[in-house]
Every structure is written in C-alpha cells, then in structure tokens.
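Here the structure comes first, spelled out in structure tokens, and everything after it is commentary.
Both ligands and their constituent atoms are indexed starting at 1 by order of listing.
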Amino acid sequence: MIVDNHSFPAATQALHFGAQVVAKNRLYFSSLGMDLCDEHGFPLPAFFSVYQALMDGGAGFGFLGNASVDADARYNSRGLRLTSAAHAQALRPLFEAARARGFPLGVQLQHYGPQSLPSKQGIILTPSAIASPTILSAYPEARAVAMTDAQIQRCIEQFCVAARYAQQAGATLIQLQASNGYLISSFLSPKTNQREDDWGGTPLKRARLLLAIVDGIRQATDHKVAVTVRLGMDDGLGAQGQHAALLGDVVAALEASGVAAITCSLGISETFRFFFKNTEQALAMSRDGCRYLKRFVRIPLGFTGSVADVAQADEIIASGDADFVGFGRAMLADNHFVAKQLAGRADQVNRCRGDAFCFRDKKDPMAERVYCCVNPDYRRPEQLQQHYEETLK
Ligand SMILES: Cc1cc2nc3c(=O)[nH]c(=O)nc-3n(C[C@H](O)[C@H](O)[C@H](O)COP(=O)(O)O)c2cc1C
C-alpha cells in the first residue's frame, strides 16, 4: 500500500520511546483484551491472527491487551496471563513476528485489583477495602481487603517477574495498566485510596506503588525494556474522583523515574459506558487533560479514546495537544483502518458502529470472546448480536 505522508504530516512522524525503540508513525492500536486465551491464560491460535493483522494495519506501534501478573486476579476466564516461563514461551512467536516487521509491540501488564473477580478465597485486593460496585453487585459475598505492606510488596514483585517474562518473550516495550479503575489506578485515585500510611495521602504518595513498580521493572529488565504507563487521567466521577489537575507531579515523577512515554485514557467500570456514548465530551476531556499534562514532561504523551479517524489524529498531534494518538474499536472493526487512510482510501474503511458491544462481550455469559459488529473476521454470532440490540442500554 502506498503511504502519502504529505496528507498527515504530524501523524506520520517517527516516535521514539527512549533510546532504543522507534515507531514509524504516531498512531497506535490501543490495548484490546480480545479474551482469546484458554482458562490458564495461554493464547489460542486466534489470538495470534488478530495481533498479526493489527501489526500489518498501518499503525506505528501497538499493545497487547491485559496480561495479568497475578494468576489469582482475573477479569474473566479467557484473559492473557504472564505468570510463568511457559506463558513467555507461548508469546515468543508473536514478538518474533513483531521484530521481523520492525514493529514495536508492547505488552500491557495488569493487576485487576478492585475490578477483579474475587480470588479463590473470595478476596479482592484494593488500597482501602473499596471494591468496584460492579463487582460487588455480582459477587456480594466477596471481601475487599486493604492491602498490607507485604501484599503490596508481593504485587510489586509480581509486576517485576511478569516484566522479566515479557523480556524473555522478546518484548522491548511494556505498558503498565495504571488506568480504568484497576489496581494501580485505584491507588492513584483519591476516591479509592484513603490510606493514611505512605501509600496514600497526596498524589505523589498515591503514585508510590506505580513508581516502585516502574523502578523495580527497570532494574529487573536491566534497563533494556522501554517502560510506558497507561495513565487514567479522569475517572468521570466528578469532584471526588481522579482528574488531570491532580497528576502534574505524578507525570513529572514518572519521567524522572525513566518512563519512556505516557498513554492517557478515561473512565472506570462505572463510567465506561458514559465515555463510550459521549464521544465529543470524551475527546474534549482527553485533549484538555493531555494538553495540561504535557506541560510537566518532555517524554511523549498521548491518548486513546473517541478519535474518529487519521485526519482528526493528525490535527490533534499538529495542535500540540498530544504527541501520539491511539485507536481501539475502530481498529477492531477494520484492522487496516490506519493503512487505508494513509493510502488515501478512507472510503474503503469498514467503520465501527460505536455501540461498544465488543466491550459487553467481555462480561456477557453468552459471549465466548470479544467479537465485532462489522468485521467479517470477528463477527458476533447472530443470536448474540440480536440479544444485544434488543437489550441496548
Ligand atoms: C473490547 C475491548 C477490549 C479492551 N481491552 C482493553 C485492555 O485489555 N486494556 C486496556 O487498557 N484497555 C482496553 N480497552 C480500552 C481501549 O484500549 C480504548 O482505550 C477504548 O476502547 C477507547 O478507545 P476507542 O474509542 O478508540 O475505542 C478495551 C476496549 C474494548 C472495546
């Protein structure tokens, strides 16, 4: 496909993550957990075909969805795990394929924390014994615990071990999931972190867990892996929740600790639906938040969420609001979403309908994986599609 760099001069600039990792452009596929793993977190064949197609779709870089660092903290029974050398070995072919393409493929490391299913012992790990209302309504008997120092240290170690497995698999880029209400994000939030010890109190103290993980991973990987952070810059909960205005010192501290880039996002489980529906508002919040946070750092800082197309991404990057821009659902609907537009074939894009049924697949007991309404390769079974449309909320 012939790429016309003149039409999108800002988006088609190269992007550097530290000294070693370079992306050919500033458009990325955002972490999408496709739930294509077996119950032990090993990828099934379809997992490889999705990510290979995404790597060939024109984006400059991208991230695998949630790889859980704790075998006991899960979102559902089909998510990826990175908790053993065997998991690393299973992922090797994908990173070999990425290397052969010169494609920076990152792996997202995740602890689900307050939004996790309860562990086998019925426990949910949190900063201040506040679990997600969504989880508690489904599992009223679950017990949210405020993590002890020992549990926090164990969690830091789990991230470091998973990072070493990522490195063994061949990854040169890692994304820490510090957004969307999961464990690290719940520590960063003033609403869910009410601790009075050194893990809570001020924005920087709430970031202590994240900073300790960054530091631990950089040491564990001998500084050879570029560490990036997906940062939740607004949870949509209003005055008591998380806001970009609270995160200036935090992003500066992340840069000082050697983080190579920051990818911002919005929402937590209670507010995902709001952001999926109100795209104009979501986009304005992301742009305002990134513009503000960019004042505190020199490392690349960008976001994903509600960006319509490559032309809009180019305009956002050219305006200086973000250094790079991602796509989630649009790239699921058409894996070649970026390539087609860069080649001047926007009319051939298979467009996402924006209903976020794919996100609903992650929890619906009738769904066996994440599907798509419009991509013929991942089309949702007719009966399930009909069920969603009839119960559209
Ligand atoms: C089906 C689905 C799976 C997702 N999985 C993840 C994930 O594993 N990790 C993550 O950080 N975000 C995940 N997200 C959020 C996306 O990365 C992205 O931020 C969100 O879809 C908003 O971007 P969009 O408007 O371009 O789709 C997921 C979203 C969807 C729809």
| Hey, is ligand 1 close enough to F359 that some N/O pair sits below 3.5 Å? | no
Counting from 1 in the order shown, the ligand 1 atoms closer than 4.0 Å to a non-hydrogen atom of C358 are 1 (C), 31 (C)
> Are any of the side-chain nitrogens in R101 or E96 under 4.0 Å away from the carboxylate oxygens of its partner?
Replying inline: no
- Contact with ligand 1 for S306, non-hydrogen, under 4.0 angstrom: yes
Under 4.0 angstrom from ligand 1, any heavy atom of A330? no
Atom 18 (C) of ligand 1: closest protein heavy atom, distance to 0.1 Å, is S30 OG, 3.8 Å
Could you tell me how the ring of F29 sits relative to the ring of F103: parallel (under 30°), tilted (30 to 60°) or perpendicular (over 60°)?
parallel
Distance col, row R380:CZ vs D361:CG, nearest 0.5 angstrom, shows 4.0 Å
Does R218 come within less than 4.0 Å of D215, counting only side-chain N to carboxylate O? no
min-distance protein heavy atom vs atom 8 (O) of ligand 1 -> N66 ND2, 2.6 Å
- Query: Is there any N or O on Q175 that sits under 3.5 Å from an N or O of ligand 1?
  - Reply: no
Ligand 1 to V370, heavy atom cutoff 4.0 Å, flagged ligand atoms 1 (C)
**Prompt:** Based purely on interatomic distance, does K362 place a nitrogen or oxygen under 3.5 Å from a nitrogen or oxygen of ligand 1?
**Reply:** no
- prompt: Ion pair present between R369 and D35, side-chain N to carboxylate O less than 4.0 angstrom?
  reply: no
Ligand 1 atoms nearer than 4.0 angstrom to some heavy atom of L32 are 2 (C), 3 (C), 4 (C), 5 (N), 6 (C), 8 (O), 28 (C), 29 (C), 30 (C)
Nearest heavy atom to atom 14 (N) of ligand 1, choosing from C352, G328, S31, C264, belongs to S31
query = What orientation do F61 and F17 show, parallel under 30°, tilted 30 to 60°, or perpendicular over 60°?
reply = perpendicular
Check your understanding: Should the pair D235-K191 be classified as a salt bridge under the 4.0 Å nitrogen-to-oxygen rule?
Key -> no
Requested in this report: Check if T304 has a non-hydrogen atom at a distance under 4.0 Å from any atom of ligand 1.
Outcome: yes
Counting heavy atoms under 4.0 Å, the part of S265 that contacts ligand 1 is neither
At under 4.0 Å between heavy atoms, what of Q110 touches ligand 1? The answer is neither
message: Around atom CD of E280, are there more than 12 heavy atoms from other residues, nucleotides or ligands closer than 6.0 Å?
response: no
For F327, the atoms of ligand 1 under 4.0 Å from one of its heavy atoms are 26 (O)
Does the pair K120/D72 count as a salt bridge with the N-to-O cut at 4.0 Å? yes
message: If the threshold is 4.0 Å, N to carboxylate O, is there a salt bridge linking K294 and D323?
response: yes
One finds that the ligand 1 atoms under 4.0 Å from a non-hydrogen atom of Q177 are 10 (C), 11 (O)
of all protein heavy atoms, closest to atom 15 (C) of ligand 1 is R230 NH2, 3.7 Å
Going by the 4.0 angstrom heavy-atom rule, the piece of F276 near ligand 1 is side chain
Is L301 reachable from F63 through a run of I, L, V, M, F, W or Y residues, each pair having side-chain heavy atoms under 4.5 Å apart?
-> no
For G33, the ligand 1 atoms with a heavy-atom partner under 4.0 Å come out as 3 (C), 4 (C), 5 (N), 6 (C), 7 (C), 8 (O)
Under 4.0 Å between heavy atoms, the region of Q108 that gets near ligand 1 turns out to be side chain
So CD of Q13 and CG of D314: to nearest 0.5 Å the spacing works out to 9.5 Å
In this structure, atom 23 (O) of ligand 1 is nearest to the protein heavy atom G305 CA, 3.4 Å
Exercise. For the hydrophobic clusters of this structure (ILVMFWY residues joined by side-chain heavy atoms under 4.5 Å, transitively), does one cluster hold both F324 and M331?
Worked result: no
For G65, the ligand 1 atoms with a heavy-atom partner under 4.0 Å come out as 8 (O)
